[in-house]
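What follows is one structure encoded as C-alpha cells, with my remarks underneath.
None of the values given here were measured: they were computed from a predicted structure. The basis for the numbers below is simple: all heavy atoms, side chains too, and nothing from hydrogens, waters or symmetry mates. Every chain is numbered from 1, with letters handed out A, B, ... down the list of sequences.
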Amino acid sequence: MSELVERDFKKAIENWENKKSDIGFNKDLVWNSINGKADKKTIFTWTKIASIIIIILLSSGLAYSIISNHKLKKEKIALTGNIHTLGEEIRQLKNQGQIKIETIIKTDTIIKVIKTPGETENNTLNQLKNQNEDLNNELNELKRLIQEQYNINQTLNDSIEFLAGNFNKNTKPQIANSGNISDQILKVYESEDIKSTNSKVNQTNTNNQSKKIKFTIFNKQENTVYKAPTQQGIRF
Amino acid sequence: MSKLIRELKKKQSKAQHRLFQLYGDYLFRICFRYMNNQVDAHDVLSKSFLKIFDHIGNTSIADEIVLRAWMKKITINECLMELRKRKLFFMELDLIVDKEEAPITSDEKLLEEDLVNMILDLPDGYRTVFSLYVIEGYKHEEIATKLGITVSTSKSQLRKARLQLKEMINKIEKQTYNTCIR
C-alpha cells in the first residue's frame with residue numbers, strides 16, 4: 001500500500017533536528033563569534049551615540065549660527081539705517097562747517113591785509129628812501145666841501161707861514177730901520193670858534209682838517225686893519 | 001524557563017549563554033539543513049543568536065514552546081536571507097511552471113536517516129523550497145516573497161525537488177528489492 005512519504009520527511013527532519021549527536025557543531029567558535037559581534041555591536045552602538053551627540057552639537061551650533069546670522073542681519077539693517085541718517089547729518093554738519101571755515105578764511109585774509117603794507121605805506125617808504133638818499137648825497141657833498149676847505153686851509157697856512165717868515169725877515173728890519181715901527185707886530189690869531197670847528201672836523205675827518213683863521217695885521221701908527229676877503233670862510 | 005526568558009529580556013550574559021547551550025544544537029541543525037555546510041551554518045547561527053538576543057526583549061514570549069518556535073523562525077529567516085543574498089534560486093527556469101509534481105509516495109518504510117540525507121543531498125534551491133513547503137508548511141506565495149523569487153519558480157523548484165526525491169526513493173526501493181530477492 002502506497003504511503004505518503006512527505007510526512008515521513010517532515011517527521012524525520014524534526015527528529016533529526018532534536019538529536020544531540022554531533023554533526024560538526026563547534027559551540028565555542030559560534031559563542032566566541034556571537035560575543036565578538038556583540039562587542040562590535042556595543043562599540044558600534046557607542047559610536048552611533050557619539051556620532052548622534054556630535055550631530056546634535058553640530059546641528060545646535062549651526063542653528064545658533066543661523067540665529068546669530070539672522071540677528072546680525074537685523075542689526076546690520078538697523079546700522080545701515082543709522083549710517084544713512086548719520087550720513088545726512090554729516091552732510092548738514094559739513095555744510096555748516098564749510099560756512100565756519102569760510103568765515104575763518106575771511107578773518108585770516110583780513111589779518112594778512114593788515115600785515116602786508118599798503119600802497120600809501122609803500123609810497124611813504126619810497127619817499128623816505130629817496131629822502132635818505134638825498135641826505136646821504138648832501139652829506140657826501142658836505143664831506144667833499146670840508147675836504148676842499150681843509151686843503152685850502154693848509155695852503156693858506158703855508159702861505160701865511162711863508163708871509164710871516166718873509167715879513168719877519170725882510171719887512172720888519174726895513175720898518176725898524178725906518179722908525180718907530182717896533183710896535184707893529186704881525187699877529188696871527190686863531191679865533192676860538194675856528195678852533196672848536198677845526199677840532200670837530202678833526203674828529204670826523206682826521207686827514208681832512210679845516211681851519212677858519214682870522215688873520216689880523218696891526219699897525220700902531222696907522223691903525224690899519226687889513227681884512228681878508230670872505231672867500232671860503234677865510235678873513236684877514 | 002520563564003526566569004531564563006526574563007533574564008534574557010534583561011540581556012544578561014549568563015542567560016544568553018544558557019540559551020545558547022540549550023538550543024545551539026537544534027538551531028545549528030536547522031541552519032545546516034538550509035545552508036548545507038558547516039561554515040555557513042556557523043555563520044548564520046551566530047547571526048541568528050545575535051538577533052534573538054537583541055529582539056527577545058521586545059517580545060511577550062513567556063513560554064518555552066513559543067520561544068522555540070520564535071527562535072526557529074528567526075533562524076530560518078536568517079538562512080533565507082543569506083541564501084537570497086547568494087541568489088541560488090533562479091538557477092534554472094522551468095517552463096512547465098504551473099504543473100505541480102504529485103506528492104512523493106513509497107511502498108517501502110524509509111529510514112529517517114535516509115530521508116534526511118535525501119533532503120540534504122538536494123541542490124540548494126530544491127532543498128530550500130522543499131523544506132519551506134513540506135517541512136515548514138509555507139505556501140508558494142510566502143516562499144516567493146521570502147526568497148525574492150516568483151511563485152512559478154517556487155513551484156518549479158518544488159516539482160524538481162519531488163522528482164529528484166522520487167528518483168532517490170526509487171533507487172533505495174530497488175536496492176531493497178534486490179537485497180530481498182538475493
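- Listed in order of number, the residues of residues 8-18 of chain B that approach chain A to under 4.5 Å between heavy atoms are Ser13(B), Gln16(B), His17(B).
- For the pair Arg68(B) and Tyr26(B), the distance from NZ or CZ to the six-membered ring centre is under 6.0 Å and the angle to the ring normal is within 45 degrees.
- Shown here are the ring pair (Phe, Tyr, Trp, His ring centres under 6.0 Å) partners of Phe28(B), two or more places apart in sequence or in another chain: Phe25(A), His42(B).
- Among residues two or more places apart in sequence or in another chain, the ring pair (Phe, Tyr, Trp, His ring centres under 6.0 Å) test is passed with Tyr138(B) by none.
- A salt bridge (charged side-chain N to carboxylate O under 4.0 Å, His left out) check over residues 131-142 of chain B, counting only residues at least two apart or in different chains, returns the pairs Arg33(B)-Glu136(B), Lys72(B)-Glu136(B).
- In terms of heavy-atom pairs under 4.5 angstrom with chain A, the leader among Leu115(B), Leu27(B), Ile30(B), Leu45(B) is Leu115(B).
- Heavy atoms closer than 4.5 Å to chain B are found in the side chain of Leu29(A), but not in its backbone.
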Is there a side chain to side chain contact (heavy atoms under 4.5 Å, CB included) between Leu163(B) and Arg159(B)? Walk through the geometry before answering. CA-CA 6 Å; Leu163(B) 281 171; Arg159(B) 180 174 164 271; 4.3 Å; yes
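- Proximity to chain A (any heavy atom under 4.5 Å) is shown, for Asp43(B), by both the backbone and the side chain.
- For the pairing with Glu78(B), the salt bridge (charged side-chain N to carboxylate O under 4.0 Å, His left out) check across Lys47(B), Lys51(B), Lys146(B) returns one residue only, Lys51(B).
- With a 4.5 Å cut-off on non-hydrogen atoms, Leu120(B) touches chain A through its side chain but not through its backbone.
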Test side-chain hydrogen bond (donor to acceptor under 3.5 Å, both in side chains) on Tyr23(B) and Glu64(B); report intermediate values, then the result. CA-CA 11 Å; Tyr23(B) 294 100; Glu64(B) 190 186 351; 2.7 Å; yes
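- By the 4.0 Å N-to-carboxylate-O rule, Lys27(A) lies close enough to Asp25(B) to be salt-bridged with it.
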